[in-house]
Amino acid sequence: MNQEIKAFIFDLDGVITDTARYHYKAWRRMANELGFDFTEEENEQLKGVSRAESLEKILQWGGITVSPEDKIRLAEKKNQWYLEYIQDITPGDLLPGARDFLLATREADIRTALGSASKNAIPIVEKLGVRHLFDVLIDGNAAPKSKPDPQVFLLGAAQLKVRPEQCVVFEDSLAGIQAAKNANMHTVGIGYMLPKDVGDFHAGSLEFLTPSIVITEVLKHS
Ligand code: BG6
Ligand code: MG
């Protein structure tokens, strides 16, 4: 891999803010209405995965078959609940260290992108007051192929005008780490639910990281 790191690409849900728990809450409410439940461990398989693919997995867990029209209705219902849960989020809902790390990244002349599977990502970064800290924003509308497909990160790199091997991706999901690897990018696993050995480097949050620590650690693995 090229040793020069030029860009950091951030997942949103679970890396910049804790919206992952609201996705789980809304999907669980839907499953409960359909008469079954699923665990936090099973929920890990939904992180980074698009709304439509998440619904497919959940229906499979519940052993439920529904019509294509009902799938659309169920996905819309889940999204309405999710939007209710997140309607009052503010900059106070940024995860510890997220804002400072984004600022330090820009200070270090490293370009920044958001790479999220969520179609709600852009209004969320606006509510969090950090939209201006990203040079490029790629959401689930711009990149319809669900992680682990590398589309979202490759589009981010292309719009930042950097090569994939010059990017570090920050991700809290297995599907997202795999997507970044499929894109030939460096990876930092974030959060306590993700196994520590899946990325090039792992941290509980962005709180105690600096751009230079990240670059040193990921390059040890290249
Ligand atoms: C990802 C989340 O960021 O976005 C997934 O990790 C979610 O849990 C996916 O399903 C799609 O989100 P949305 O907001 O488009 O339903
Ligand atoms: Mg995530």
Side-chain angles (χ1 to χ4, degrees), residues 10-96 98 114-128 130-131 137-149 151-152 170-179 189-195 198 204-205:
F10 299 87
D11 174 46
L12 174 68
D13 297 315
V15 172
I16 301 294
T17 184
D18 194 14
T19 36
R21 70 195 162 103
Y22 296 124
H23 281 295
Y24 178 38
K25 189 174 168 184
W27 281 129
R28 207 172 164 204
R29 183 168 167 186
M30 191 203 75
N32 290 170
E33 271 201 2
L34 293 171
F36 64 99
D37 202 359
F38 64 94
T39 64
E40 210 175 342
E41 283 66 39
E42 285 171 309
N43 183 60
E44 285 302 294
Q45 296 176 45
L46 306 180
K47 288 186 178 174
V49 174
S50 71
R51 196 181 308 164
E53 283 191 31
S54 297
L55 177 63
E56 293 293 344
K57 281 182 193 273
I58 294 166
L59 291 174
Q60 215 177 356
W61 294 339
I64 289 176
T65 311
V66 299
S67 65
E69 297 73 38
D70 278 348
K71 281 183 190 168
I72 292 168
R73 193 181 51 76
L74 288 169
E76 272 172 10
K77 198 168 172 186
K78 179 267 174 180
N79 195 47
Q80 282 312 312
W81 286 329
Y82 177 68
L83 291 175
E84 276 169 32
Y85 299 149
I86 63 163
Q87 68 178 342
D88 295 327
I89 65 170
T90 68
D93 292 293
L94 284 164
L95 278 168
L114 188 79
S116 172
S118 173
K119 294 183 173 169
N120 297 299
I122 292 174
I124 292 174
V125 287
E126 279 169 357
K127 280 174 195 267
L128 293 168
V130 292
R131 181 181 176 142
L137 295 140
I138 311 289
D139 68 1
N141 299 297
K145 290 188 189 165
S146 196
K147 298 170 186 175
D149 189 286
Q151 185 186 47
V152 63
F170 296 77
E171 258 294 346
D172 71 318
S173 72
L174 281 170
I177 293 279
Q178 198 50 54
I190 296 287
Y192 296 103
M193 290 301 285
L194 190 69
V198 295
S205 73

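In this structure, the side chain of Ser146 does not engage the main chain of Val49 through any donor-acceptor pair within 3.5 Å. At distances below 3.5 Å, at least one donor-acceptor pair connects side-chain atoms of Gln151 with backbone N or O atoms of Lys145.
For the residue pair Ala31 and Ile58, the shortest heavy atom distance occurs at CB-CG2, 4.3 Å. Scanning both residues, Ile16 and Ala98, for their nearest heavy atoms gives O-CB, 3.8 Å. Closest approach of Asp13 to Ser116, counting heavy atoms only: OD2-OG, 4.5 Å. Closest of all the heavy-atom pairs between Leu114 and Ala121 is CD2-CB, 4.0 Å. Between Trp61 and Phe36 the shortest heavy-atom distance is C-CE1, 4.4 Å. Of all heavy-atom pairs between Leu174 and Pro195, the closest is CD2-CD, 4.4 Å.
Looking at Ser50 and Lys119, their side chains never come closer than 4.5 Å, going by heavy atoms from C-beta outward. Residues Leu55 and Met30 have side chains in contact (heavy-atom distance under 4.5 Å, counting atoms from C-beta outward). Arg131 is listed as a side-chain neighbour of Ile122, based on a closest heavy-atom distance under 4.5 Å. At least one side-chain heavy atom of Ile64 sits under 4.5 Å from a side-chain heavy atom of Val66. Inter-residue side-chain proximity for Glu76 and Ile72 is flagged as met; some heavy-atom pair is nearer than 4.5 Å. The side-chain heavy atoms of Lys57 and Glu42, taken from C-beta on, include no pair separated by under 4.5 Å. With contacts defined as side-chain heavy-atom distances shorter than 4.5 Å, the pair Trp27/Arg51 qualifies. Counting heavy atoms from C-beta outward, Gln45 and Phe38 have side chains that stay 4.5 Å or more apart.
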Which is it for Leu12 and Asn120 under the side-chain contact (heavy atoms from CB on, under 4.5 Å) test, yes or no, and what are the steps along the way? CA-CA 10 Å; Leu12 174 68; Asn120 297 299; over 6 Å; no

Leu128 and Asp93: CA distance, side-chain angles, deciding distance, side-chain contact (heavy atoms from CB on, under 4.5 Å) verdict: CA-CA 7 Å; Leu128 293 168; Asp93 292 293; 4.0 Å; yes

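For Thr65, the side-chain hydrogen bond (donor to acceptor under 3.5 Å, both in side chains) criterion is met by no residue, not counting sequence neighbours. Residues passing the side-chain hydrogen bond (donor to acceptor under 3.5 Å, both in side chains) test with Glu69 are Ser67, sequence neighbours excluded. Take Lys25 and apply the salt bridge (Lys or Arg N to Asp or Glu O under 4.0 Å) test, not counting sequence neighbours, and it matches no residue. Residues forming a ring pair (Phe, Tyr, Trp, His ring centres under 6.0 Å) with Tyr82 (at least two apart in sequence, or on another chain): His23. Considering only residues two or more places apart in sequence or on other chains, Glu33 meets the side-chain hydrogen bond (donor to acceptor under 3.5 Å, both in side chains) condition with Lys77. Lys71 meets the salt bridge (Lys or Arg N to Asp or Glu O under 4.0 Å) test with Glu56; sequence neighbours excluded.
We find that Arg28 and Asp37 are joined by a salt bridge, their nearest charged nitrogen and carboxylate oxygen being less than 4.0 Å apart. Salt bridge present: Glu44 and Lys47 bring a charged side-chain N and a carboxylate O closer than 4.0 Å. With salt bridges taken as basic N to acidic carboxylate O contacts below 4.0 Å, one links Lys147 and Asp11.
A distance of 11.5 Å separates OG of Ser173 from CD1 of Ile190, quoted to the nearest 0.5 Å. In this structure, Asp172 CG and Ser205 OG are separated by 12.0 Å, a value rounded to the nearest 0.5 Å. Here CZ of Arg29 is found 12.5 Å from CG of Leu34. Values are rounded to the nearest 0.5 Å.
Within a 6.0 Å sphere centred on CD of Gln87, other residues, nucleotides and ligands contribute more than 12 heavy atoms. Environment of NZ in Lys127: crowded, with over 12 heavy atoms of neighbouring residues, nucleotides or ligands closer than 6.0 Å.
Ring geometry, Phe170 versus Phe10: the interplanar angle falls under 30°, so the pair is classed parallel (tilted spans 30 to 60°).
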